[in-house]
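Note sheet for the following structure.
Throughout, residue positions are numbered sequentially from 1 according to the sequence presented. These values consider heavy atoms only, across backbone and side chains, with no hydrogens, waters or symmetry-generated copies. Everything numeric in this text was worked out from a predicted model, so none of it was measured.
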Amino acid sequence: MSIQVEEDAATTTVAPTSWEVLLRAGFRFLGEWTPGEDESFRLDAAAPTDGGVYSFVVDDVVMYVGLTQRGLRQRLDGYRRGHERQRTNARVKALILEALSAGKRVKVLIASPEEGSWNGLPVNMSAGLEAGLITKVQPAWNILGVG
């Protein structure tokens with residue numbers, strides 16, 4: 001997978017990445033966050049119970065990339081609840097609510113790569129995929145992606 005990067009003599013910036021890049025790479029569209037009542041939202045599809053990598057897309061631009069080992073359904077539900085003590089959940093929940101309040105669509109893409117090995121040692125392909133995407137795409141909602 002190759003992502004176009006614009007280079008400046010003094011600084012390197014990453015152009016917003018279209019969700020189509022992830023779809024071509026094997027991610028699948030799961031559904032959309034839809035607004036509810038009183039600062040709430042819900043996913044309009046049933047997420048799988050297996051782990052994997054997920055992405056939130058706003059205006060067809062990849063805004064967040066995450067990983068879960070314990071199950072996509074449980075992890076995505078954590079954003080919906082957004083407890084204050086779980087800082088990432090609370091922060092991303094606020095960003096989702098802000099986008100929905102502005103009338104934007106927030107899509108959810110998922111991928112569940114097969115586990116691999118290297119020289120007989122186990123390799124967590126999902127963790128590698130998440131780390132690689134955050135480095136290359138620099139999604140605006142990821143702490144590591146904020147510049």
For Pro139 and Tyr64 the tightest heavy-atom approach is CB-N, 3.7 Å
dist Thr68:OG1 -> Glu130:CD (nearest 0.5 Å) comes out at 10.0 Å
Check whether any side-chain heavy atom of Gln69 lies under 4.5 Å from a side-chain heavy atom of Asn124, and answer yes or no. yes
Check Asp50 against Pro48 and note the closest heavy-atom contact, atom names and distance. OD1-CB, 2.9 Å
Donor-acceptor pair, Arg42 side chain versus Thr34 backbone, under 3.5 Å? no
State the CZ-CG distance between Phe56 and Asn142, to the nearest 0.5 angstrom. 10.0 Å
Over all atoms of both residues, closest heavy-atom pair of Val61 and Pro16: CG1-CB, 3.7 Å
Is there a chain of hydrophobic side chains (I, L, V, M, F, W, Y, each step under 4.5 Å between heavy atoms) that links Met125 to Leu121? yes
Do other residues, nucleotides or ligands put more than 12 heavy atoms under 6.0 Å from the CZ atom of Arg87? no
Lys107 NZ to Asp59 CG distance, which is reported to the nearest 0.5 Å: 8.5 Å
Shortest non-hydrogen contact from Pro113 toward Ser126: CD-OG, 3.3 Å
With Trp33 as reference, evaluate Ile96, Asp44, Leu97 under the side-chain contact (heavy atoms from CB on, under 4.5 Å) test and give the passing residue. Ile96
Walk me through whether Val65 and Val137 qualify under side chain to side chain contact (heavy atoms under 4.5 Å, CB included). CA-CA 9 Å; Val65 174; Val137 174; 5.5 Å; no
Could you pull out the closest heavy-atom pair between Val123 and Glu115, with the gap in Å? O-OE1, 3.1 Å
Ser117 side chain vs Pro122 backbone, donor-acceptor pair below 3.5 Å: no
Rounded distance [0.5 Å steps], OH in Tyr79 versus CD in Gln86: 10.0 Å
Start with the C-alpha gap between Glu32 and Val106, add the side-chain angles, then the distance that decides, and say whether side chain to side chain contact (heavy atoms under 4.5 Å, CB included) holds. CA-CA 6 Å; Glu32 293 186 29; Val106 183; over 6 Å; no
For Leu133 and Leu22, run side chain to side chain contact (heavy atoms under 4.5 Å, CB included): C-alpha distance rounded to whole Å, both residues' side-chain angles, the deciding distance at 0.1 Å, then the answer. CA-CA 9 Å; Leu133 283 173; Leu22 298 184; 3.8 Å; yes
Does a side-chain heavy-atom distance below 4.5 Å link Arg75 with Arg70? yes
Answer yes or no: is there a side-chain heavy-atom contact under 4.5 Å between Ser112 and Ile110? no
Please walk me through it: do Arg105 and Asp60 pass salt bridge (Lys or Arg N to Asp or Glu O under 4.0 Å)? CA-CA 9 Å; Arg105 295 172 65 187; Asp60 296 337; over 6 Å; no
Answer whether the closest heavy-atom distance between the side chains of Phe29 and Trp19 falls below 4.5 Å. yes
Between the OG atom in Ser55 and the CG atom in Leu30, the distance rounded to the nearest 0.5 Å is 11.5 Å
Gap separating the CD atom of Gln74 from the OG1 atom of Thr49, nearest 0.5 angstrom: 10.0 Å
On a heavy-atom basis, which atom in Tyr54 and which in Leu72 lie closest, and how many Å separate them? CD2-CD2, 3.8 Å
Between Leu76 and Val108, does the side chain to side chain contact (heavy atoms under 4.5 Å, CB included) criterion hold? Intermediate values first, please. CA-CA 9 Å; Leu76 294 174; Val108 179; 4.1 Å; yes
